[in-house]
Amino acid sequence: VTSIDFGRQIQYVAGKAASETNPRYKAMLEIWLEHLRAEAVLDIDRTMATVSPDAFFHSWGGVFPDPDGTRYDRVRSRYQAVMDSGGFPPLELLCERFFIGPDAILLEGDNLSVLTSEQARDAGFEVTDGQRYAAYSRLCCWVPFKDGKILAEDLYWHPPYRIEPLDESGART
Amino acid sequence: MTVDPHRWADRIRAAASGERASHQSMLTAWAAFLDAKHRGDLERMRSLLAPAAFVRSWGADRRVPPTGPIQGADAIVASWRALCEAGQPPPEELDVDRLLVSDDGIAMDGLYRAVLPAPAVPGLAPGTAGDVLIAVRAAVLVRFTSGLIDGYDIYWDTRYRVSDLPVAAGVQ
């Protein structure tokens, strides 16, 4: 029985940062780690301190349409809106693949989120009314860097393709 | 907008020159696979694939068969053979923006361009016939095992640009 835990994704990146021996790669991983930790504690200034002023975020795949990309000011306002509403909903990337190079990090795997029965039905699944579900979507996340800061979180998404019921505590059964 | 089927493989080969041997091996194998696809050389394609190789295609408009996983080298080659038998191998390229190499794979993304039969392109007006030149954002992640391609995942955006150039003018 496992809950959806963004903290495990943070731990995954922390593990990569701890074991990285290339100083440039280690610095990139530590900046992204700081970004993720600041997101998790809803600290907008810490979050945005890791982001390049030239930021240009993208979301591809049709799940979160973002036709023109998102520049720094809108990135900040979006984070602010999420934090003002109490933070991100439960999310966790189950990292299967990891790449790093001189200018970017990439993580790929299934991304877990929570769907109500109504949301799951709208997504095309057969559901039990009132049940909550863990939804598995697919995510390929590129994190390019510029001058030591995050230039983007460029996300390639596939919509939920599998669901599992959650118990009353929010754990996957 | 043009499609140069050699450009993708050439870009990968160029990146290989500065890499250590294990990375060079993967990059040159992928470039050889792209070359074989373009030539319609099915046996060369098969020789570069692990027997259990897969192709998975991701993106919101890829949810329904037949665009699900292709499992096995034979199935991958057969799917390409079907395209080749319907005409020439479809000219395609990825204009690579970013390329990363790990110990067991390569990842790249950029603008994918291809000449495709109109019915194969989601979102075109019903009844659109002939071939069209499309451009779509895509990422390709390739996994290797024992020097062979173990499979690859393709992530597609849903927004296509369709060129109004005559196809003959769009292919180099």
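Since this is a predicted model, take the numbers as computed values, not measurements. Chain identifiers are assigned alphabetically (A, B, ...) following the order of the sequence lines, protein sequences preceding nucleic acid strands; residue numbering begins at 1 within each chain.
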Fit a plane to each ring of B:W58 and A:Y161, take the angle between them on a 0 to 90° scale, and name the class: parallel (under 30°), tilted (30 to 60°) or perpendicular (over 60°).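 Rings of B:W58 and A:Y161: tilted, as their planes differ by 30° to 60°.
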
ILVMFWY cluster, [X] and [Y] together (side-chain gap under 4.5 Å):
{"X": "A:V143", "Y": "A:L94", "result": "no"}
{"X": "A:M83", "Y": "A:V75", "result": "yes"}
{"X": "B:V55", "Y": "B:L83", "result": "yes"}
{"X": "A:L107", "Y": "A:V63", "result": "yes"}
{"X": "B:Y112", "Y": "B:Y152", "result": "yes"}

Shorter than 4.5 Å, heavy atoms on both sides: which option in A:C140, A:P144, A:G101 has the most such pairs with chain B?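 Heavy-atom pairs under 4.5 Å are most numerous for A:C140.
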
Please classify the contact between A:S59 and chain B as side chain, backbone, both or neither, with a heavy-atom cut-off of under 4.5 Å. backbone

Taken to the nearest 0.5 Å, the spacing of A:L139 CG from B:Y155 OH works out to 7.5 Å

Is the distance between the ring centroids of B:W156 and A:Y156 under 6.0 Å?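 For A:Y156 and B:W156, the ring centres are not under 6.0 Å apart.
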
Is it the case that the side chain of B:D157 and the backbone of A:W60 share a donor-acceptor pair, with hydrogens and angles ignored and the cut-off at 3.5 Å? no

Give me each pair satisfying salt bridge (charged side-chain N to carboxylate O under 4.0 Å, His left out) with a member in residues 77-91 of chain A, each pair once, sequence neighbours excluded.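 Salt bridge (charged side-chain N to carboxylate O under 4.0 Å, His left out) check on residues 77-91 of chain A returns no pairs.
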
I need the contact set between [range] and chain A: heavy-atom distance under 4.5 Å, sorted by residue number.
{"range": "residues 136-144 of chain B", "value": "B:R137, B:A138, B:A139, B:L141, B:V142, B:R143"}
{"range": "residues 100-109 of chain B", "value": "B:L100, B:V101, B:S102, B:D104, B:G105, B:I106, B:A107, B:M108, B:D109"}
{"range": "residues 15-25 of chain B", "value": "none"}

Criterion side-chain contact (heavy atoms from CB on, under 4.5 Å) on B:R98 and A:D154, from CA distance to verdict: CA-CA 12 Å; B:R98 298 181 283 210; A:D154 285 340; 2.8 Å; yes

